[in-house]
Amino acid sequence: MAKMDWWVSMPKVELHAHLNGSIRDSTLLELARELGNKGLVCFPDVEHVILKDDRSLTEVFKLFDLIHILTTDHETVTRITKEVIEDFAAENVVYLELRTTPKKNVSKGMNKKSYMEAVLEGLRAVTTVEVDIFSEHNFDSPANASTFARGNDCASNGTGKKKIYVRLLLSIDRRETTEAAMETVKLALEMRHLGVVGIDLSGNPVIGEWLTFLPALEFAKEQGLLITLHCGEVSNPVEIHAMLDFLPSRIGHACCFGEAEWAKLKSLKIPVEICLTSNIRTETISSVDIHHFADLYNSGHPIVLCTDDSGVFSTSVSGEYSLASSSFGIQKRAMFQLAKNAINFIFAGHRNEMNTSDLVEVGTKGSI
Ligand code: 6MZ
């Protein structure tokens, strides 16, 4: 059997993955063909859009509107969730925080809650790998920590299957109202015992106002949900400062920061979810060699490599590790350390009590 590349065999943590951005092209095309046969979409046009490689940030959000037309019924939401989990597990992601925007689709009898139930159904439908949706005990118990750490070690869990821990973040779309955002937070609270650990604010960054979402985000925080914000995907210093003042547990992207914003972010030590391929493909950052990953990495700022939308940007977590390694000249051992550090920024359990030594053990076996 061919030797697996170290960036694939290495256990990894994925903290910034949007469900509808992580769908296989083959599945999207199949769904588009079905709707095409029913005369609901023009298949050749949709095929062209799905297979197009480079897209501006604006075009990406148009693509999401199309993807949502293809996916927003219960059965399809269940299917894509199942496939996305299988795909991340296949490349040795051992802990995944999957985020998605609960949706209403009146014509399909869907509301935010039934959408999330379809997502959970998808998690339960995975049979090729063992999925831990919510541990009986908290994630921080030594037993769970070490099980997590041995997540990709088939022999150790006695089932002969890989294991992946999955937790959910509910996304608020920037097109939503304060009431709709509040509804999502209340749903997250209701579904806490089902593995929902936090809230994400995402969507087209040129739409919506921070103050619209603030009441719901404050309420979420008061109730103990952890928050991650898409921050600085476009230039908007006032919003960036307001978001950092909110003290989110993590932020995503941080592309369009000026000196004052970098200084504030660094002094607050807020972990950043870095999405290299996404930023390059959407031309938010013009080339990888000038990506802020390098400065944050060199200054020891907490960062985690993520895919954002592995389907839309044709990437994978392994691909992001390989890209960072080759672009910034970081060797395998240091990349492993970067992957391991991500455990400190997960939303499940009490992060600081995680035992990371077993993760080192797993990585050492295969590749270091
Ligand atoms: C901001 C993004 C995003 O929630 O339907 N989303 N928001 N910036 C990005 N960078 C490219 N990529 C994805 O997944 C798709 C939704 O995630 C958000 C958008 O709101 C998009 O509609 P779900 O599963």
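Values below: all heavy atoms of this structure, side chains included; hydrogens, waters and symmetry mates excluded. Read the numbers this way: they start at 1 and go in the same order the structure lists the ligands and their atoms.
Applying side chain to side chain contact (heavy atoms under 4.5 Å, CB included) to Leu19 and the options Ile80, Leu168, Thr71 leaves one that passes, Ile80.
When the side chain to side chain contact (heavy atoms under 4.5 Å, CB included) test is applied to Ala89, the partners found at least two apart in sequence or on another chain are Val129, Ile164.
In the displayed structure, Glu283 atom CD is contacted under 6.0 Å by at most 12 heavy atoms of other residues, nucleotides or ligands.
His301 is not listed as a side-chain neighbour of Asp295, based on a closest heavy-atom distance of 4.5 Å or more.
Sorted by chain and number, the heavy-atom contacts of ligand 1 below 4.0 Å come from His18, Leu19, Asn20, Phe61, Phe64, His68, Thr100, Thr101, Lys103, Asp173, Ser202, Gly203, His230, Glu233, His253, Ser278, Asp308, Asp309, Phe313.
Not a single donor-acceptor pair under 3.5 Å links the side chain of Arg250 to the backbone N or O of Val304.
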Q) Would Thr307 and Glu14 count as a side-chain hydrogen bond (donor to acceptor under 3.5 Å, both in side chains) if you check the C-alpha gap in whole Å, the side-chain angles of each, and the deciding distance to 0.1 Å? A) CA-CA 8 Å; Thr307 53; Glu14 165 63 282; 2.5 Å; yes

